[in-house]
Each structure stands twice: as structure tokens, then as C-alpha cells.
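Hydrogens, waters and symmetry mates are skipped; everything else that's a heavy atom, side chains included, is used.
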Amino acid sequence: MATLSKLVDLNLNDVTEKVIAEYVWIGGSGMDLRSKARTLSGPVDDPKKLPKWNYDGSSTGQAPGEDSEVILYPQAIFKDPFRGGNNILVMCDCYTPAGEPIPTNKRYNAAKIFSHPAVVAEETWYGIEQEYTLLQKEVKWPLGWPVGGFPGPQGPYYCGIGADKAFGRDIVDAHYKACLYAGINISGINGEVMPGQWEFQVGPSIGIGAADQIWIARYILERITEIAGVVVSFDPKPIPGDWNGAGAHTNYSTKSMRAEGGYEVIKKAIEKLGLRHKEHIAAYGEGNERRLTGRHETADINTFSWGVANRGASVRVGRDTEKEGKGYFEDRRPASNMDPYTVTSMIAETTIIWKP
């Protein structure tokens, strides 16, 4: 007797060379991921060999009803952890039928920055720490919290264990393994300071690939929480008051920073970031002013600062980097709902291309 789970788990490799490609793109809000699937005649491992596709942009807030067609351009391929086999997830960006990037396509400008000769030569590395909060589906209140009430104060939850401290670990571990299966360079996970909040890290990844991987990791997380009947929130301050917000700290280095004498290059790069602080803040995520208050391991949104091992600064340099005289730094300003295409490319543009 066939069951739904058996049918979902059917291995297509036994009966056909055809594969399923799930095309993934970013919707009109800039955070709503969308996807749909199509059948391919056989396995594909190069996005350039995949067909373009289209969708109804009027239903995603990206086109008017009288001219609603938006074209999907495949950009990166990942293994599909949900269907398995040779099936794939395809990260796409979005264009008009005339080939112009639509306004919500942040990948297009990022690709231009990452293809700049000076940026290519510097081999930019990124490590992105993506924080998120798991919410109870019916009440939109953090997982593990009493409905309409609050848990004990922060302290025991960060990297905590136990049924009264860690809520949603099965989701977190499922996501971890699914990302590894997909080919994402996920480097770790941990429970965060606020109960019901978690973090995964992606990197080190090079250039625009770092942003592609974050978006697909977010997609996989959304799909897993869908299965679990839980809602994932990327709001930078999901609970007002004496609770930590959620960020996307972005660790960054260039070839020059990783070489001997790199600490001086790092300090010059941080100085340039400070000069463009307002521009970066404006692009680092919606609602970030609720998070960057100068409390809860953040710097005040209106003031730029940096320091060694200082988690209350805008930019933190690690002790190892200071000691070795080379390495990387961490931009702690990006919110959890930031667009990684915008943030990664903007950091590269400011520190490598921009001249004060």
C-alpha cells in the first residue's frame, strides 16, 4: 500500500534519467523566497546549461498585471536535499523580457562589483553568521516560550543544552545536514542568547558565492520549518525589551589582509567603512535601528566604532588577527534580514574600489 511518505521518497534514478530542478528566486519584499519546479531531460551541473524560465511577477509584487512576465536566469546550482538523487536547487536572479534586471535584483550589481579587476585580484573571503528566531506557528511567539508570557532572563540559553534551554534543535540539526548535502559551505551552528534563537555560519566563501549560499541556506531553512510546522523569522528585533536582537555579522578578508602586514590593510579598510557608515547602515537591513541600540552586544546605529575583541563595536577585530598581524575583521552591523548580495558587495566596493 502506497503512502504519501513513500511516494515523496521515490528514487527517480531507478526508472528515469530525468531530474527535477527547483528554481529559487527572491520576491518583491526582498526577503520572501519563492520557488517552482521543472523537469529536465538529464543531470545538469552548470547553470549556463539550464534553460531560462519565467513567472508571474504581478503575483510577487515585481511587475504590473498588464506586463507581468519576469524572466529567471539560473546562476548557481546546489544538490536538492529534499528530493535527493540528481535533483537540484537552482538560485536565480530576475530580469525583464528585454534583459534588464528588475529593481529587486540585487545580485546583478553585486556581480558587477565582484567582477571588477581590483576585487577579483583581492580574492574576497566572507564568513556570514546568520541569526534567526523560531516562532510558534499559530501565535508567532518564540518556540519554547509560554504563550503570552516570557521565559527566564537571558544567560543559560547561549549554546545551552536541555529541554528548558534549547528549543528547536531537531530543526537546526536537520538544516545543518541538509546544507552540507546541498554543497553549502556551512561551517557551524549554535544556540543564541535569546531562547528560541539560533545561528548558522556559512564560509569562508569567495565573492558572490557567499551570498548565493546564504540565500539557498535560508531557502532550505524555510522549507524545513514548513515541514516542522514552525515559522522562521529574520526580524532583527523580534521581541522588544531586554532580549538580544538578530544579526548577520559578516566576517571579511582580502588577499592583502591575509598576507604579511595585513593588519595595516585591515585598519585602512575599517577607516573607509567608518567614512561611509551612514550609507552602509541604510543598506544593512530594515528595522536595524531597533537592534543597534548600544545594548545587547551592539554598537549604537548612529556611531561608528571598532575595537579588538569588542562585541559592542561596529567592527570587531579578533585577538588572533592583532597578534599575527594579519587576518580578517567582523562587521557586526548587518541585520539578520540583510540582503547578502548587497552587504558583501558593498563591503568589497568600499574597502577595495572606493577612493575617499
*Asks:* For the residue pair Trp125 and Tyr328, establish whether any side-chain heavy-atom pair is separated by less than 4.5 Å.
*Replies:* no

*Asks:* Flag yes if Ile208 and Val120 sit in one hydrophobic cluster, no otherwise; membership is Ile, Leu, Val, Met, Phe, Trp, Tyr, and two members link when side-chain heavy atoms are under 4.5 Å apart.
*Replies:* no

*Asks:* Treating Ser187 as the side-chain partner and Gly203 as the backbone partner, does any N or O pair qualify as donor plus acceptor under 3.5 Å?
*Replies:* yes

*Asks:* Quick test of your reading of the model: are Arg83 and Glu22 salt-bridged, counting only N-O distances below 4.0 Å?
*Replies:* yes

*Asks:* Is Leu89 linked to Trp53 within one hydrophobic cluster, defined over Ile, Leu, Val, Met, Phe, Trp and Tyr using a side-chain heavy-atom separation of less than 4.5 Å?
*Replies:* no

*Asks:* Shared ILVMFWY cluster between Leu292 and Met338, side chains joined below 4.5 angstrom?
*Replies:* no

*Asks:* Using the six-membered ring wherever Trp is involved, compare the ring planes of Tyr95 and Tyr73 and label them parallel, tilted or perpendicular (cut-offs 30° and 60°).
*Replies:* parallel

*Asks:* Could you check if a side-chain atom of Phe114 sits within less than 4.5 angstrom of a side-chain atom of Thr124, using non-hydrogen atoms only?
*Replies:* yes

*Asks:* Have Glu192 and Asn244 got a donor and an acceptor in their side chains that come within less than 3.5 Å?
*Replies:* no

*Asks:* Salt-bridge test for Arg34 and Asp32: reply yes if a basic N is under 4.0 Å from a carboxylate O, no otherwise.
*Replies:* yes

*Asks:* For a 4.5 angstrom cut-off between non-hydrogen side-chain atoms, does Lys79 reach Ile88?
*Replies:* no

*Asks:* Looking at Gly312 and Ser305, what are the two nearest heavy atoms and their distance?
*Replies:* O-OG, 4.3 Å

*Asks:* Side chain of Glu129, backbone of Ala248: donor and acceptor closer than 3.5 Å?
*Replies:* no

*Asks:* Would a distance-only check, ignoring hydrogens and angles, find a side-chain to backbone donor-acceptor pair under 3.5 Å from Asn251 to Ile128?
*Replies:* no

*Asks:* Okay, side chain of Tyr157, backbone of Gly152: is any donor-acceptor separation there less than 3.5 Å?
*Replies:* yes

*Asks:* Decide side-chain contact (heavy atoms from CB on, under 4.5 Å) for Ile102 and Val70; before the verdict, give the C-alpha distance in whole Å, the side-chain angles of both, and the deciding distance to 0.1 Å.
*Replies:* CA-CA 8 Å; Ile102 66 172; Val70 178; 4.2 Å; yes

*Asks:* List the atom of Met194, the atom of Pro142, and the distance in Å for their closest heavy-atom pair.
*Replies:* CE-CG, 4.4 Å

*Asks:* Just wondering, do Ile220 and Pro81 contact through their side chains at under 4.5 Å, heavy atoms?
*Replies:* yes

*Asks:* Apply side-chain contact (heavy atoms from CB on, under 4.5 Å) to Tyr23 and Tyr55, showing your working.
*Replies:* CA-CA 11 Å; Tyr23 280 43; Tyr55 67 92; over 6 Å; no

*Asks:* Look at Lys106 together with Asp93 and state whether they make a salt bridge at an N to O cut-off of under 4.0 Å.
*Replies:* no

*Asks:* Using 0.5 Å steps for rounding, measure from the CD1 atom of Ile113 to the CD atom of Glu349.
*Replies:* 4.0 Å

*Asks:* For Asn86 and Pro43, indicate whether the former's side chain and the latter's backbone hold a donor-acceptor pair under 3.5 Å.
*Replies:* no

*Asks:* Just by distance, with hydrogens left out, do Ser35 and Tyr219 show a side-chain donor and acceptor under 3.5 Å apart?
*Replies:* yes

*Asks:* Connecting only ILVMFWY residues whose side-chain heavy atoms lie within less than 4.5 Å of each other, what is the rest of Val231's hydrophobic cluster?
*Replies:* Leu135

*Asks:* Kindly list each side-chain donor-acceptor pair under 3.5 angstrom involving residues 162-180, sequence neighbours excluded, with atom names and distances?
*Replies:*
from   : atom 1 : to     : atom 2 : distance (Å)
Arg169 : NH2    : Gly160 : O      : 2.9
His175 : NE2    : Ala217 : O      : 2.9

*Asks:* Testing the 3.5 Å rule here: is there a donor-acceptor pair between the side chains of Arg316 and His249?
*Replies:* no

*Asks:* Tell me, yes or no, whether the heavy-atom count around Glu222 atom CD, taken from other residues, nucleotides or ligands under 6.0 Å, exceeds 12.
*Replies:* yes

*Asks:* Report yes or no: does Thr344 contribute a side-chain atom to a donor-acceptor pair with the main-chain N or O of Pro340 at less than 3.5 Å?
*Replies:* yes

*Asks:* Is a side-chain donor or acceptor of Asp9 paired with a backbone partner of Lys6 at a separation under 3.5 angstrom?
*Replies:* no

*Asks:* Is there a continuous path of hydrophobic side-chain contacts, each under 4.5 Å between heavy atoms, that joins Trp306 to Val343?
*Replies:* yes

*Asks:* Contact between Leu40 and Pro51 at the side-chain level, heavy atoms closer than 4.5 Å - yes or no?
*Replies:* yes

*Asks:* Side chains of Glu17 and Ser41: do they bring a donor and an acceptor to under 3.5 Å?
*Replies:* no

*Asks:* Pairing donors with acceptors under 3.5 angstrom, does anything connect the side chains of Thr351 and Tyr252?
*Replies:* yes

*Asks:* Check whether more than 12 heavy atoms from other residues, nucleotides or ligands sit under 6.0 Å from atom CD of Glu322, and answer yes or no.
*Replies:* yes

*Asks:* Answer yes or no: is there a side-chain heavy-atom contact under 4.5 Å between Glu69 and Ile71?
*Replies:* yes

*Asks:* Between CD1 of Ile347 and NE2 of His280, what distance do you get to the nearest 0.5 Å?
*Replies:* 7.0 Å

*Asks:* Between Phe82 and Arg223, is there a cation-pi geometry (under 6.0 Å to ring centre, at most 45° from the normal)?
*Replies:* yes

*Asks:* Test of understanding: clusters of I, L, V, M, F, W, Y form through side-chain heavy atoms closer than 4.5 Å, transitively. Do Met91 and Phe234 belong to the same one?
*Replies:* yes

*Asks:* When you measure from the side chain of Arg291 to the backbone of Gly245, do you find a donor-acceptor pair of N or O atoms at a distance under 3.5 Å?
*Replies:* no

*Asks:* Hey, is NZ on Lys323 packed in by over 12 heavy atoms from elsewhere, all under 6.0 Å?
*Replies:* no

*Asks:* Under 3.5 Å, is there a donor-acceptor pair linking the side chains of Arg258 and Ser253?
*Replies:* yes

*Asks:* Just wondering, more than 12 heavy atoms not from Leu4 lying within 6.0 Å of its CG?
*Replies:* no

*Asks:* Kindly say whether Gly294 contributes a backbone atom to a donor-acceptor pair with the side chain of Thr298 at under 3.5 angstrom?
*Replies:* yes

*Asks:* Would you please test Leu50 and Ile77 for side-chain contact (heavy atoms from CB on, under 4.5 Å) and show each step?
*Replies:* CA-CA 10 Å; Leu50 287 167; Ile77 292 175; 3.6 Å; yes

*Asks:* State whether a side-chain donor-acceptor pair under 3.5 Å links Gln62 with Thr104.
*Replies:* yes

*Asks:* Strictly below 4.0 Å, N to O, side chains only: are Glu279 and Arg276 in salt-bridge contact?
*Replies:* yes

*Asks:* Can you establish whether the number of heavy atoms outside Ile161 located under 6.0 Å from its atom CD1 is more than 12?
*Replies:* no

*Asks:* Report yes or no: do Asp242 and Gln154 form a side-chain donor-acceptor pair below 3.5 Å?
*Replies:* no

*Asks:* Just checking, any donor-acceptor pair under 3.5 angstrom between side chains of Tyr341 and Asn109?
*Replies:* no

*Asks:* If you count every heavy atom of other residues, nucleotides or ligands that lies below 6.0 Å from Lys36 atom NZ, does the total exceed 12?
*Replies:* yes

*Asks:* In this structure, are over 12 heavy atoms from other groups packed under 6.0 Å from Asp45 atom CG?
*Replies:* no

*Asks:* Quick one, Gln136 and Val147 - any side-chain contact, counting heavy atoms below 4.5 Å?
*Replies:* yes

*Asks:* Hey, are the side chains of Glu123 and Thr254 touching, using non-hydrogen atoms and a 4.5 Å cut-off?
*Replies:* no

*Asks:* Identify the heavy atoms of Pro240 and Pro238 that sit nearest to each other, and give their distance.
*Replies:* CD-O, 4.0 Å

*Asks:* Between Glu286 and Asn337, do the side chains contain an N or O donor and an N or O acceptor separated by less than 3.5 Å?
*Replies:* no

*Asks:* What do the steps show when you test Glu264 against Lys267 for salt bridge (charged side-chain N to carboxylate O under 4.0 Å, His left out), and what is the final call?
*Replies:* CA-CA 5 Å; Glu264 292 304 313; Lys267 287 192 284 188; 3.1 Å; yes

*Asks:* Quick one about Gln201 and Asn190 (side-chain donor to acceptor, distance below 3.5 Å, no hydrogens or angles considered), yes or no?
*Replies:* yes

*Asks:* Verify the distance criterion only: is there a donor paired with an acceptor across the side chains of Ser58 and Asp56 at less than 3.5 Å?
*Replies:* yes

*Asks:* Is a side-chain donor or acceptor of Thr133 paired with a backbone partner of Gly196 at a separation under 3.5 angstrom?
*Replies:* no

*Asks:* What's the spacing between Tyr158 OH and Glu297 CD if we round to 0.5 Å?
*Replies:* 8.0 Å

*Asks:* Is Glu330 paired with Arg332 through a side-chain N to carboxylate O contact shorter than 4.0 Å?
*Replies:* yes

